[in-house]
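A short worksheet on the structure shown next.
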Number of protein chains: 2
Amino acid sequence: MGVTKTDLFTEKQNQMAVMAKAFGHPARIAIIEHLLKTNSCITNDFVSEFGLAQATISQHLKELKGLGIVKGNVEGTSMCYCIDSEVWSKVQENFESLFAKFDCERSC
Amino acid sequence: MGVTKTDLFTEKQNQMAVMAKAFGHPARIAIIEHLLKTNSCITNDFVSEFGLAQATISQHLKELKGLGIVKGNVEGTSMCYCIDSEVWSKVQENFESLFAKFDCERSC
DNA sequence: CTCCCATATCGTAATATTACGATGTATTTT
DNA sequence: AAAATACATCGTAATATTACGATATGGGAG
């Protein structure tokens with residue numbers, strides 16, 4: 001066990017869960033916030049700014065890149081990361097449509 | 001290792017990550033969606049609706065309850081679960097303020 | 001009181017995540 | 001070419017998550 005039974009849920013629900021995982025670690029939140037603020041690029045910025053090892057930052061970036069939220073292109077000897085606006089908008093839409101389902105009248 | 005270094009990040013970033021984890025599993029997404037739609041209660045509904053074992057559903061509900069997103073009160077022999085509107089609004093706010101930071105001009 | 005019913009909790013196994021040192025790779029500098 | 005810089009990837013250890021059977025608990029029904 002320990003493996004999520006994705007076949008029991010809808011495509012949308014599984015996607016939602018996957019996207020949420022992107023936000024499920026403070027380092028990734030910090031990376032995203034940093035990119036949203038400065039659209040800056042250099043991976044090493046993160047390494048020196050947060051206290052995490054370079055390998056760890058690289059791993060988090062890989063995850064975000066895998067989800068499409070972030071994309072990177074080579075910039076000489078370093079790496080230029082930024083938010084993919086299309087994917088970001090889609091993620092935003094999904095979260096907002098979930099929040100929109102809330103009916104205050106019916107809550108407790 | 002395997003333990004998140006929360007001390008390296010801000011309180012807000014850590015909170016955000018924790019909240020995101022609530023959405024980080026399709027079963028919890030499904031539970032939340034169900035509660036948003038019907039505000040219905042009975043735990044057993046989830047057990048029969050999804051194909052997960054009762055213990056597993058109970059575990060997911062416990063997590064959501066621990067985060068405050070969901071609260072439950074006894075209803076005879078069963079359990080009445082619903083969304084806590086105050087907590088839900090706070091979560092919504094946090095996500096929306098993150099999304100609001102996106103500047104389309106600056107993306108790539 | 002005894003038998004169900006719905007839930008919770010415990011124990012445990014399988015898998016996923018987090019983290020980092022070591023090492024590989026590509027580009028720039030000297 | 002050699003050294004330095006910036007990242008990526010590999011291997012691995014520690015911990016977290018997911019799932020479920022078994023077992024407890026706390027009512028309501030008979």
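Basis for what follows: all heavy atoms, side chains included, without hydrogens, waters or symmetry-related copies. Quick note on labels: first sequence line is chain A, next is B, and so on, each numbered from 1.
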Atom-pair distance ([atom1] on [X]; [atom2] on [N]), nearest Å:
{"X": "A/Q54", "N": "C/dA22", "atom1": "CD", "atom2": "C1'", "answer": "11 Å"}
{"X": "A/K65", "N": "D/dT9", "atom1": "NZ", "atom2": "C1'", "answer": "11 Å"}
{"X": "B/I57", "N": "C/dT7", "atom1": "CD1", "atom2": "C1'", "answer": "12 Å"}
{"X": "B/L61", "N": "C/dT9", "atom1": "CG", "atom2": "P", "answer": "11 Å"}
{"X": "A/N73", "N": "D/dA6", "atom1": "CG", "atom2": "C1'", "answer": "15 Å"}
{"X": "B/N44", "N": "C/dA6", "atom1": "CG", "atom2": "C1'", "answer": "6 Å"}
{"X": "A/Y81", "N": "D/dC7", "atom1": "OH", "atom2": "P", "answer": "8 Å"}
{"X": "B/M79", "N": "C/dT7", "atom1": "CE", "atom2": "P", "answer": "9 Å"}

* Kindly work out whether a path of hydrophobic side-chain contacts (I/L/V/M/F/W/Y, heavy atoms less than 4.5 Å apart) joins A/I29 to B/V3. => no
* Within one Ile-Leu-Val-Met-Phe-Trp-Tyr cluster: A/Y81 and A/V74, side-chain cutoff 4.5 Å ->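 In one cluster: yes.
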* Mind checking what makes side chain to side chain donor-acceptor pair (under 3.5 Å) contact with B/T10, not counting sequence neighbours? ->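 B/T10 satisfies side chain to side chain donor-acceptor pair (under 3.5 Å) with B/Q13 once adjacent residues are dropped.
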* To do: Go through the structure and list residues passing salt bridge (charged side-chain N to carboxylate O under 4.0 Å, His left out) with A/E33, not counting sequence neighbours.
  => B/K101
* Structure fact -> For nucleotides 13-20 of chain D, 5' to 3', base contacts (B), sugar-phosphate-only contacts (S) and non-contacts (-) with protein non-hydrogen atoms under 4.0 Å give BBSSSBBB
Check nucleotides 24-26 of chain D against the protein and report each pair of N or O atoms closer than 3.5 Å, with its distance, or say if there are none.
none

* Asked: Looking across every strand, which nucleic acid part, if any, lies under 4.0 Å from B/S58 by heavy atom: base, sugar-phosphate, or nothing?
  ->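 Base, at least one base heavy atom under 4.0 Å.
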* Side chain of B/N14, backbone of B/T6: donor and acceptor closer than 3.5 Å? ->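 Yes, because the side chain of B/N14 sits within donor-acceptor range (under 3.5 Å) of the backbone of B/T6.
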* Asked: Are any side-chain N or O atoms of B/T38 and backbone N or O atoms of B/H34, one a donor and one an acceptor, separated by less than 3.5 Å?
  -> yes
* Asked: A/V91: what forms a side chain to side chain contact (heavy atoms under 4.5 Å, CB included) with it, not counting sequence neighbours?
  -> A/M19, A/F23, A/I69, A/V87, A/F95, B/F99
* If you look only at pairs with a residue in residues 47-69 of chain B, which of them pass as a ring-ring contact (aromatic ring centres under 6.0 Å, His included), with sequence neighbours excluded? ->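 Checked against ring-ring contact (aromatic ring centres under 6.0 Å, His included) - neighbours excluded - the pairs reaching residues 47-69 of chain B are A/F9-B/F50, B/H25-B/H60, B/F46-B/F50.
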* Asked: Is a side-chain donor-acceptor pair under 3.5 Å present for A/E63 with A/Q59?
  -> no
